[in-house]
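In this text the structure is predicted, and so the values were computed from the model without any measurement.
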Amino acid sequence: DVERFGYRFGPPLARPKRQSSALLWRLGVCVAIAMNTMIFAIAIYAGLRAGPLHDLFETLNLALATASVAIGGSVFFRSAWAGIRRRVLHLDVPIALGIALAWAGSVASYFGRRSSGIFVDTLDVFIALMLLGRFLQERVLERNRLALLENDGADGLLVRREERGRVETVRCVDLAPGDRLRLAAGDLVPVDARVDAEGASFSLDWLNGESSPLSFSRGELVPAGAFSASRSPTAVVVARDFASSGLVELLRTPLSRGPDASSPWWSRLAKIYSAGVLVLAAIGFVGWMLATHDFARSLEVTTAVLVVTCPCAFGIATPLAYDLALGGLRRAGLFVRTPTFLDRAARVRTVVFDKTGTLTSGALRLRDASALASLSDEARAALHDLAAATWHPKSVAVLGALGDCAASTGPAIVVEHPGVGVSLVRAGSEWRLGQPAWVSPRARGDLAFGVDGRVLASFETEEALRPDAKREVAELVAEGFDVWLLSGDERERTARTAAAAGIDASHAIGAQTAQNKLDFVLAHDRGDLLMVGDGINDGFAVERATCWGTPAIDRPFMAARSDFYFVTPGLHPGGLAVR
């Protein structure tokens with residue numbers, strides 16, 4: 001039943017037949033017919049009015065027009081009939097009616113020997129142009145259909161399961177409680193699972209926006225949606241199957257893409273235009289009949305009205321303009337996935353950014369690295385070995401600040417202390433990098449480095465904004481957009497990020513759960529809100545936001561649910577889409 005309305009169903013990774021291929025050969029044939037018809041018509045327009053050659057050209061033109069109607073016109077006849085059966089008025093109705101009347105009038109004029117009523121050259125060009133518009137439109141929509149069919153969604157997530165001493169790759173839907181999984185650094189935890197190792201770290205930024213990983217001890221429950229942040233492989237035991245995992249609800253495909261998503265402005269305008277054309281044609285027919293009582297002439301007038309009011313702008317210019325706009329966005333690094341996004345984007349006046357991984361790059365940096373300059377060569381070498389031993393974002397920030405000014409001076413056996421930091425014993429001294437209180441009672445900041453209980457350096461870390469975040473926010477605000485920062489991270493970090501990006505403090509809200517974000521959208525979206533985020537804690541809000549985009553192309557099931565995704569380091573493509 002649904003397929004009768006033009007939707008396509010298919011299994012995951014399906015490769016359906018491209019519908020535009022069928023239109024392409026029809027278009028090619030009809031263009032060839034139109035070109036040949038015009039060749040014959042030129043002779044008639046140039047003065048060939050009678051005689052055997054004139055009759056031959058008119059006969060050939062009518063035969064070619066009949067072929068064009070059968071090959072190209074049938075596309076519009078089927079579509080118009082399907083619309084009428086379902087009481088839907090669209091552009092194909094006046095197009096099909098114009099084709100039918102022009103052909104019927106031409107046939108009647110041919111057999112009645114009235115050359116003035118033959119429209120075959122105009123008819124053939126008309127059909128070719130309409131097919132060109134339909135081909136362009138179908139090509140744009142086809143890209144989105146194929147992208148949707150290629151997406152496995154949440155069911156396509158793969159994991160490594162250990163069984164009888166062997167590791168095999170299975171789909172997450174095949175997991176059962178008690179299964180043992182092996183997670184590499186950066187792997188997603190698809191189900192609630194218990195840690196079966198010591199010193200495991202997991203990042204929950206995708207769930208709650210918290211940028212710093214958390215440490216889990218053996219037996220602790222790791223929620224579905226976390227990512228392994230340990231440097232070495234981590235073993236976990238499945239606690240519940242995938243069907244009952246909270247990840248399923250958060251990753252399910254949104255039911256809608258905002259208000260009026262299926263009826264963009266040009267479709268509504270097309271309905272009004274179609275009704276107006278039909279009314280005008282009917283008035284022309286009735287008026288001419290009352291004035292002249294000449295049925296054939298009245299039919300010619302009606303046909304002329306339908307041909308002259310040809311909706312070429314809708315049939316060709318609209319899909320071509322959309323294709324050009326989408327091509328320009330692709331060149332800028334933004335890929336649109338839903339056909340109606342551009343129509344909804346024109347209404348956007350409120351832009352809501354997530355923080356970690358969206359407004360920021362997701363990486364940390366040292367706010368002030370000057371403390372590194374006062375360290376001795378020995379201390380810098382120890383700090384390098386400590387920072388290089390873990391994937392913790394704070395360690396990565398230290399390693400980046402050190403650059404090439406430090407190098408290891410020998411073998412390093414680094415011990416990770418879950419939840420507090422890492423340590424290294426060298427030449428009888430214990431070096432530590434981690435939480436200030438663990439390194440030394442006198443340490444400050446949110447990260448400290450010291451030796452034998454003596455603090456050598458204290459650091460403050462901050463999230464690095466995307467390269468153009470501040471400029472893009474300023475431009476959006478200057479153009480009248482209402483910009484918000486909505487994050488699951490703690491309020492203090494959210495406020496600092498908002499200040500750095502130039503977002504008003506009253507528009508920065510931290511400690512937001514998935515339900516909180518949904519409540520925000522319900523309260524603020526009046527058909528004009530765009531959300532940009534990469535976490536599944538944004539998932540519930542997606543269903544109610546007018547538009548939704550993500551930079552999280554490394555997590556394809558997020559991009560597969562969004563209106564658009566972008567692949568650039570900066571935010572410029574997102575701002576470009578709504579301007």
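What you find for Ser423 and Arg432 is that their closest heavy atoms are CB-CG, 4.1 Å. The minimum heavy-atom distance between Gly533 and Thr550, with the atom names listed, is O-OG1, 2.9 Å. A pairwise comparison of heavy atoms in Thr568 and Gly333 identifies CG2-CA, 3.9 Å as the closest pair. Contact detail for Val189 and Ala193: the closest heavy-atom pair is CG1-CB, 4.4 Å. In terms of heavy-atom proximity, Leu386 sits nearest to Val414 at CD2-CG1, 4.1 Å. When all heavy atoms of Ser203 and Ala229 are compared, the closest pair comes out as N-CB, 4.1 Å.
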request  = Would you sort out whether Leu399 and His384 count as a side chain to side chain contact (heavy atoms under 4.5 Å, CB included), showing the intermediate values?
outcome  = CA-CA 6 Å; Leu399 201 60; His384 176 276; 3.7 Å; yes

inquiry  = Working note: Val191 + Asp179, criterion side chain to side chain contact (heavy atoms under 4.5 Å, CB included); need CA distance, chi angles, decisive distance, verdict.
reply    = CA-CA 11 Å; Val191 295; Asp179 285 349; over 6 Å; no

ask   = Checking side chain to side chain contact (heavy atoms under 4.5 Å, CB included) for the pair Leu433/Leu447: CA distance, chi angles, key distance, verdict?
value = CA-CA 7 Å; Leu433 174 67; Leu447 181 67; 4.0 Å; yes

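Atom-to-atom distance recorded for Lys517:NZ and Gln512:CD is 7.5 Å, nearest 0.5 angstrom. A distance of 4.5 Å separates CG of Asp482 from OG1 of Thr350, quoted to the nearest 0.5 Å. One finds the CG atom of Leu571 at 12.5 Å from the CG atom of Leu576 (value rounded to the nearest 0.5 Å). If you take CG on Asp504 and CG on Leu485, they are separated by 11.5 Å, rounding to the nearest 0.5 Å. Atoms CD and NZ, on Gln435 and Lys394 in that order, are 7.0 Å from each other to the nearest 0.5 Å. Note that CZ of Arg349 and CZ of Arg526 are 14.0 Å apart. Values are rounded to the nearest 0.5 Å.
In this structure, the side chains of Val398 and Leu366 come closer than 4.5 Å at one or more pairs of heavy atoms. Residues Asp528 and Thr546 are not in side-chain contact: their nearest non-hydrogen atoms beyond the backbone lie 4.5 Å or more apart. Within the 4.5 Å cutoff, side-chain heavy atoms of Leu329 are placed close to those of Val336. Here the side chains of Thr169 and Val159 are not in contact, with every heavy-atom distance at 4.5 Å or above. Proximity of Asn516 to Leu486: side-chain heavy atoms (C-beta onward) are nowhere separated by under 4.5 Å. Contact annotation: the side chain of Ile509 never approaches that of Thr494 to less than 4.5 Å [non-hydrogen atoms, C-beta and beyond]. Between Val348 and Arg344, every side-chain heavy-atom pair lies at or beyond the 4.5 Å cut-off. Val521 places a side-chain heavy atom less than 4.5 Å from the side chain of Met531.
When the side-chain hydrogen bond (donor to acceptor under 3.5 Å, both in side chains) test is applied to Ser374, no partner is found at least two apart in sequence or on another chain. Residues forming a side-chain hydrogen bond (donor to acceptor under 3.5 Å, both in side chains) with Glu168 (at least two apart in sequence, or on another chain): Arg161. Taking the ring pair (Phe, Tyr, Trp, His ring centres under 6.0 Å) definition, one finds that Phe216 meets it with Phe202, sequence neighbours left out. Applying the salt bridge (Lys or Arg N to Asp or Glu O under 4.0 Å) test to Arg444 and every residue at least two apart in sequence or in another chain returns nothing. Residues passing the ring pair (Phe, Tyr, Trp, His ring centres under 6.0 Å) test with Trp484 are His507, Phe520, His524, sequence neighbours excluded. Considering only residues two or more places apart in sequence or on other chains, Asp187 meets the side-chain hydrogen bond (donor to acceptor under 3.5 Å, both in side chains) condition with Arg160. Glu220 is linked by a salt bridge (Lys or Arg N to Asp or Glu O under 4.0 Å) to nothing, counting only residues two or more places apart in sequence or in another chain. With sequence neighbours left out, Thr360 forms a side-chain hydrogen bond (donor to acceptor under 3.5 Å, both in side chains) with Glu463. Partners of Val237 according to the side chain to side chain contact (heavy atoms under 4.5 Å, CB included) rule, which considers only residues two or more places apart in sequence or in another chain, are Asp196.
At distances below 3.5 Å, not a single donor-acceptor pair connects side-chain atoms of Asp192 with backbone N or O atoms of Leu221. At distances below 3.5 Å, at least one donor-acceptor pair connects side-chain atoms of Arg380 with backbone N or O atoms of Leu375. For the pair Arg194 (side chain) and Gly219 (backbone), a donor-acceptor distance under 3.5 Å is present. With hydrogens and angles disregarded, a donor-acceptor distance shorter than 3.5 Å links the side chain of Asp525 to the backbone of Leu529. Within the 3.5 Å criterion, the main-chain N or O of Ala382 finds no donor-acceptor partner in the side chain of Asp385.
Among pairs with a residue in residues 341-373, those fulfilling ring-ring contact (aromatic ring centres under 6.0 Å, His included) read Phe341-Phe564, at least two apart in sequence or across chains. Evaluation of the side-chain hydrogen bond (donor to acceptor under 3.5 Å, both in side chains) test over residues 448-459, restricted to residues two or more places apart or in two chains, returns Ser429-Asp452. Residue pairs satisfying the ring-ring contact (aromatic ring centres under 6.0 Å, His included) criterion with at least one member in residues 441-474, sequence neighbours excluded, are listed as follows: Trp431-Phe449.
Counted within 6.0 Å of CZ on Arg218, heavy atoms from surrounding residues, nucleotides or ligands total more than 12; the atom is thus considered enclosed.
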